[in-house]
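Here is the structure we will look at, set down as structure tokens.
Numbering starts at 1 and runs along the sequence shown. Just so you know, ligand 1 is whichever comes first in the structure, and atom 1 is the first atom listed for that ligand. Just the heavy atoms: all of them, side chains too, but no hydrogens, waters or symmetry mates, feed the values below.
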Amino acid sequence: MSDLVWHHLNLCARGDPNETIADAALAVRDGDIAWLGAARDLPREFARWPHEDLGGAWVTPSLVDCHTHLVYGGDRADEFAQRLAGASYEEIARRGGGIVSTVRATREADEDALFASAAARLEPLLSEGVGAIEIKSGYGLEFGSERKMLRVARALGRRYPVSVYTTFLGAHALPPEYAGRADAYIDDVCKRMLPALADEGLVDAVDVFCERIGFTLGQSERVFEAATRLNLPVKMHAEQLSLTGGAALSARYRALSADHLEFLDEAGVQAMKEAGTVAVLLPGAYYFIRETQLPPIDLLRRHGVPIALATDSNPGTSPSTSLLAMLNLGCTLFRLTVPEVLQGVTRHAARALGRGDRHGELAPNRPADFVAWSVGTLSELAYWMGRPLAARVVRAGATVYTAPASRWISGVAADARASNRPKGA
Ligand code: DI6
Ligand code: FE
């Protein structure tokens with residue numbers, strides 16, 4: 001790959017808008033950053049390289065979506081309607097709807113169908129500058145279907161310009177065929193599924209849904225033990241609907257992250273701080289299930305626990321394909337600040353994946369994965385609701401996406417209005 005200097009840009013290299021360089025330049029060699037800083041300080045050796053003008057755009061590291069369930073069959077728009085009629089998420093789950101209905105649709109879909117539906121959700125994320133994404137299994141709940149989901153996640157990473165990190169979430173829900181036998185299912189997860197999937201190289205991390213409608217603390221610990229034996233990092237869906245002590249357990253296993261956390265208490269916060277476990281907040285799920293219990297943001301701040309934000313993209317509680325929307329929701333619903341949400345989808349999200357060395361920050365000798373934004377200030381990234389903002393997405397120094405030019409064709413509007421007029425009008 002040829003050497004290139006990107007210039008005429010404003011740089012926010014660590015995702016913190018309080019640390020920026022105006023009129024900056026970025027020199028890229030073989031896909032990695034060779035140098036960055038104020039353009040006037042550009043060392044001589046780079047001055048001869050070809051230059052690409054970014055027109056004064058703001059540049060940040062590519063975004064990181066560190067918690068998604070992007071691969072699944074079907075959708076749950078019908079359940080959304082039931083919820084509007086008054087049923088709660090937990091009620092629907094207990095009636096055999098919820099996660100289990102997505103399990104049926106996922107088991108029935110073949111790899112091509114799963115790939116196509118997940119790709120349709122991935123593309124909008126990538127066009128808003130996501131350069132690394134975590135994708136969980138957990139809608140197969142039996143070996144072949146969990147494997148199918150993870151294979152599709154890997155295939156997405158090969159087909160699209162994004163780093164995909166896979167998480168085995170076999171312990172997401174109890175499959176119907178194991179009704180009343182949760183411990184036996186956990187046996188299968190720990191002794192058969194996880195070791196075989198890990199052996200195939202399909203698993204980067206292991207997750208558990210520790211909850212009244214998920215798995216107990218004891219069962220979660222067994223999954224963590226199995227992961228630890230295979231040298232795989234763990235994470236947890238913890239304290240989402242009730243306080244179970246899952247976050248503290250996660251900390252004992254040096255989890256990469258504990259996620260959701262609406263019901264987290266101070267002891268759990270402290271344990272996470274000591275273990276270096278990242279708090280992943282999921283404002284899309286909070287919003288979509290109309291949760292009212294706020295995660296303990298002030299405690300997390302006071303104890304200095306890094307906060308990440310993610311889409312939790314899933315059919316039941318966060319059917320979102322926008323990480324920028326999470327910035328807005330994080331600010332409006334959780335009262336996070338703009339610096340907090342921006343670092344929450346860059347630096348801290350990368351750390352929640354265990355890949356703080358690779359993603360979420362621009363620095364010499366790291367990959368040149370960045371986004372040039374069509375905004376005047378970085379606050380706009382959290383401000384606009386639904387407006388496409390990425391002008392250009394660069395991966396390993398190469399442009400992989402540019403915002404499409406406007407396609408409006410003048411002169412058509414009047415005709416269209418005429419043909420859409422209701423009969424008799
Ligand atoms: N918590 C969630 O928010 C998602 N999974 C989980 O453990 C919801 C999954 C679903 O409803 O399909
Ligand atoms: Fe989730």
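For the residue pair Asp23 and His8, no side-chain donor N or O sits within less than 3.5 Å of a side-chain acceptor on the partner.
Seen from the ring of Tyr139, Arg107 does not count as a face-on cation partner, given the 6.0 Å and 45° thresholds.
Ring geometry, Phe80 versus Phe288: the interplanar angle falls under 30°, so the pair is classed parallel (tilted spans 30 to 60°).
If you look at His67 and ask which of its N, O or S atoms sits nearest the Fe ion (ligand 2), the answer is NE2.
A salt bridge is absent between Arg147 and Glu111; no separation between the charged side-chain nitrogens and carboxylate oxygens falls under 4.0 Å. Using a cutoff of 4.0 Å between basic side-chain nitrogens and carboxylate oxygens, Arg366 and Asp357 are not scored as salt-bridged. A salt bridge links Asp369 with Arg395: the distance from a Lys NZ or Arg NE/NH1/NH2 to an Asp or Glu carboxylate oxygen falls below 4.0 Å.
If you put the vertex on the Fe ion (ligand 2), NE2 of His237 and OD1 of Asp312 sit 170° apart, to the nearest 10°.
Scanning for side-chain contact (heavy atoms from CB on, under 4.5 Å) contacts around Arg254 gives Ala275, with sequence neighbours left out.
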Check ligand 1 for close polar pairs with the protein: N or O on both sides, less than 3.5 Å.
unit_1: ligand 1; atom_1: 1 (N); unit_2: Gln240; atom_2: OE1; d: 3.1
unit_1: ligand 1; atom_1: 3 (O); unit_2: Gln240; atom_2: NE2; d: 3.2
unit_1: ligand 1; atom_1: 3 (O); unit_2: Asp312; atom_2: OD2; d: 3.3
unit_1: ligand 1; atom_1: 3 (O); unit_2: Thr317; atom_2: OG1; d: 2.8
unit_1: ligand 1; atom_1: 5 (N); unit_2: His172; atom_2: NE2; d: 2.8
unit_1: ligand 1; atom_1: 7 (O); unit_2: His172; atom_2: NE2; d: 3.2
unit_1: ligand 1; atom_1: 11 (O); unit_2: Arg76; atom_2: NH2; d: 2.8
unit_1: ligand 1; atom_1: 11 (O); unit_2: Tyr89; atom_2: OH; d: 2.5
unit_1: ligand 1; atom_1: 12 (O); unit_2: Arg76; atom_2: NH1; d: 3.0
unit_1: ligand 1; atom_1: 12 (O); unit_2: Arg76; atom_2: NH2; d: 3.3
unit_1: ligand 1; atom_1: 12 (O); unit_2: Tyr139; atom_2: OH; d: 2.6

